[in-house]
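Reminder, nothing fancy here: chain letters follow the sequence lines and each chain counts from 1.
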2 protein chains.
Amino acid sequence: MLQANSCRSCAIRHTGICSGCGANDLRLLEKARYIRSYDAGQPIAWCGDRMEFVASVMHGSVSLSQTMKDGRNQMVGLLMPPSFLGQPGQESSPYDVVAVDYTVLCCFCRNQFGDLMKEFPHLTDRLLEMSLRELDAARQWLLVLGCKLAREKTASFLAVLASREAVAKALPRTRRIAFDLTISREAIAACLGLTMETVSRQITALKNDGIIQLKSARRIVVPDVNRLLREAGDVPAAPDEGDRAISAIA
Amino acid sequence: MLQANSCRSCAIRHTGICSGCGANDLRLLEKARYIRSYDAGQPIAWCGDRMEFVASVMHGSVSLSQTMKDGRNQMVGLLMPPSFLGQPGQESSPYDVVAVDYTVLCCFCRNQFGDLMKEFPHLTDRLLEMSLRELDAARQWLLVLGCKLAREKTASFLAVLASREAVAKALPRTRRIAFDLTISREAIAACLGLTMETVSRQITALKNDGIIQLKSARRIVVPDVNRLLREAGDVPAAPDEGDRAISAIA
DNA sequence: CGCAGAATTGATACATCTCAAGCTGGGTGG
DNA sequence: CCACCCAGCTTGAGATGTATCAATTCTGCG
């Protein structure tokens, strides 16, 4: 898992920060990169720590969160492949960064990556694209936190995961979709601005109403994503429409 | 106000998207740009509308908001000079875009601006910088919406405006700061995920506690920003520290 | 002066949090 | 193989913060 396979066969070769690179550029990137892996729950950086690197998330997922003095905390980003972690111009991490899953990062020394961006403008272009996408996702998430009820928040969260799964497996979005929750109820609560107990109650309620099924506490089946989206307070996307709601949260 | 003064004397010449431009580049930008102005409350685009242009906010302020079918709505961005409005690669607006104030925009035909970015990479660099800053602001805002109580939310909002005013007037952040609320209680509520009534109550409470003074409903005086920040649940920034909290919301 | 929109204030309803008590399932050691 | 244990999850009852609905009161402006 950890070994440095060739960039050419990398899972995010055509979707990550490097997707605009030709074969030659890629060789230079490959020389500069190094792989790091983290176990589930392992911290990558605490808020204020110096960030030595920026990285692509190759596998797993990484949470960005903020904590207040009294312990209240809010997840503000959930990065999954092929998201990019860190900002070239940013000395220290503004967030607590934690590996949620077993996670593999493709890292670049931060300053060196800045130089690479100068050398290969398409890296800058791509980072801009990805950042604007993240920005839209964060703004979608603001709607969830600011306006929605607990049931709608929970449904929104599950809909995001279901839609992601559908995209990953190239399933039609109307078909039954099954996936694993890789994060605890508590982490979901931190995403949604709720408590663990409320999340648990809402998941149970959605199950009782037949919107979802629970194979186990962490295994979810969604018979009809559009029904789930309706519970989330979202207008189900037309079949052929590029779905924006899906991008929310991550 | 509306007339097209020279870029050279523009208020946001050194802070906007064009801040990296030399005199020659600037001349080309100046040929491509056009000025539009909007009255307070006037819509700039509704969600789903085709966006003909991207623009720098030169004067006033622009809100980005989302509305659910049943009327609940959430402001997800509040752009003030020298923020940049729109994304070159984005056909249609994902948000309702409204001029909050009397607002002046420095506009570029969207496709043409894409070409300019190819021609002048520093435009791309600068847009990336500004977008990453917006992303951090949005994430700060997620903390406010997800974790904070009504009083803390309200204090956070006022602290942002106060700090912005302090920066604009180059005041020390510990001194007394006065500013106008350019938006209604209802708009503040839409920012904070609260109702108008709750915002009103919290402002009154902050006044009664001596945290702020009200010269009129729209005129605020903050005797001590650090005290306000403490009410907001934020750790007051050290005097010499680059203040991140300030960037929240806008 | 008087009006209309904005803001404030009050009383009640409701959603979610809090605190506390069980439950469940996977792992460990006897 | 079973009893135990523990962390994660679920469920319950009461407290709390905010929304809702309904009156006023303020403010700017014609």
Asker: Does the side chain of B:Ile220 reach to within under 4.5 Å of the side chain of B:Leu161, using non-hydrogen atoms?
Answerer: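 A side-chain contact is absent here, since even the closest heavy-atom pair is not under 4.5 Å.
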Asker: Are B:Ser200 and C:dT9 close enough that a side-chain N or O sits under 4.0 Å from OP1 or OP2?
Answerer: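 Checking B:Ser200 against C:dT9: no side-chain N or O falls below 4.0 Å of OP1 or OP2.
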Asker: If the condition is side chain to side chain contact (heavy atoms under 4.5 Å, CB included), which residues does A:Thr182 pass it with, not counting sequence neighbours?
Answerer: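 Partners of A:Thr182 under the side chain to side chain contact (heavy atoms under 4.5 Å, CB included) test: A:Ser61, A:Asp101.
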Asker: When you measure from the side chain of A:Arg185, which nucleotide among D:dC9, D:dT11, C:dA15 comes out closest?
Answerer: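 In terms of side-chain proximity for A:Arg185, the closest of D:dC9, D:dT11, C:dA15 is D:dC9.
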Asker: So if I take every side-chain heavy atom of B:Leu194 and compare against C:dT8, D:dT10, D:dT18, which nucleotide ends up nearest?
Answerer: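 Of all the options, the side chain of B:Leu194 is nearest to D:dT18.
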Asker: Would you please confirm or rule out a distance under 4.0 Å between OP1 or OP2 of C:dA15 and any side-chain N or O of A:Arg151?
Answerer: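 Checking C:dA15 against A:Arg151, no side-chain N or O comes under 4.0 Å of OP1 or OP2.
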Asker: In plain terms, say whether A:Lys148 and A:Asp234 are close enough for a salt bridge, that is, a side-chain N and a carboxylate O under 4.0 Å apart.
Answerer: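 Salt bridge flag = yes for A:Asp234 with A:Lys148.
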Asker: Round to a whole Å and report the spacing from CD1 of A:Ile203 to P of C:dC23.
Answerer: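 So the two atoms are 21 Å apart, to the nearest Å.
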Asker: Can you check the A:Glu186 CD to D:dC9 P distance for me, whole Å?
Answerer: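 Computing the A:Glu186:CD to D:dC9:P distance gives 9 Å.
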Asker: Whole-Å distance between C:dT16 P and A:Gln202 CD?
Answerer: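 Computing the A:Gln202:CD to C:dT16:P distance gives 6 Å.
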Asker: In whole Å, I'd like the distance from the CE atom of B:Met196 to the P atom of C:dT8.
Answerer: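 For the pair B:Met196 CE and C:dT8 P, the rounded distance is 9 Å.
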Asker: Quick one: A:Arg218 CZ to D:dT10 C1', roughly how many Å, whole number?
Answerer: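 That distance rounds to 14 Å.
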Asker: Side-chain contact test, heavy atoms from C-beta onward, threshold under 4.5 Å: evaluate it for B:Val97 versus B:Tyr38 and give yes or no.
Answerer: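 Not touching, per the 4.5 Å side-chain cut-off.
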Asker: Would one find more than 12 heavy atoms of other residues, nucleotides or ligands at under 6.0 Å from atom CZ of A:Arg176?
Answerer: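 Not more than 12 within 6.0 Å, no.
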Asker: Assess whether a salt bridge exists between B:Arg72 and A:Glu152, defined as any Lys/Arg side-chain N lying under 4.0 Å from an Asp/Glu carboxylate O.
Answerer: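 A salt bridge links B:Arg72 with A:Glu152.
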Asker: Answer with base, sugar-phosphate or nothing: what part of the nucleic acid does A:Arg72 contact at a heavy-atom distance below 4.0 Å?
Answerer: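 Since no nucleic acid heavy atom lies under 4.0 Å of A:Arg72, the category is nothing.
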Asker: Is there side-chain contact between A:Arg151 and A:Ile211, with heavy atoms separated by less than 4.5 Å?
Answerer: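 When only atoms from C-beta onward are counted, A:Ile211 and A:Arg151 do touch, with a gap below 4.5 Å.
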Asker: Could you give the CG-to-P distance, from B:Leu192 to D:dG17, as a whole number of Å?
Answerer: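 To the nearest whole Å, that distance equals 18 Å.
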Asker: Report the distance from atom NZ of B:Lys148 to atom P of D:dG17, rounded to the nearest whole Å.
Answerer: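 B:Lys148 atom NZ is separated from D:dG17 atom P by 17 Å.
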Asker: Just how far, in rounded Å, is P of C:dA6 from CD1 of B:Ile183?
Answerer: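 Distance, rounded to whole Å: 13 Å.
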Asker: Each nucleotide in nucleotides 20-30 of chain D should get exactly one letter: B, S or -. Can you fill that in based on protein heavy atoms under 4.0 Å?
Answerer: BB---------
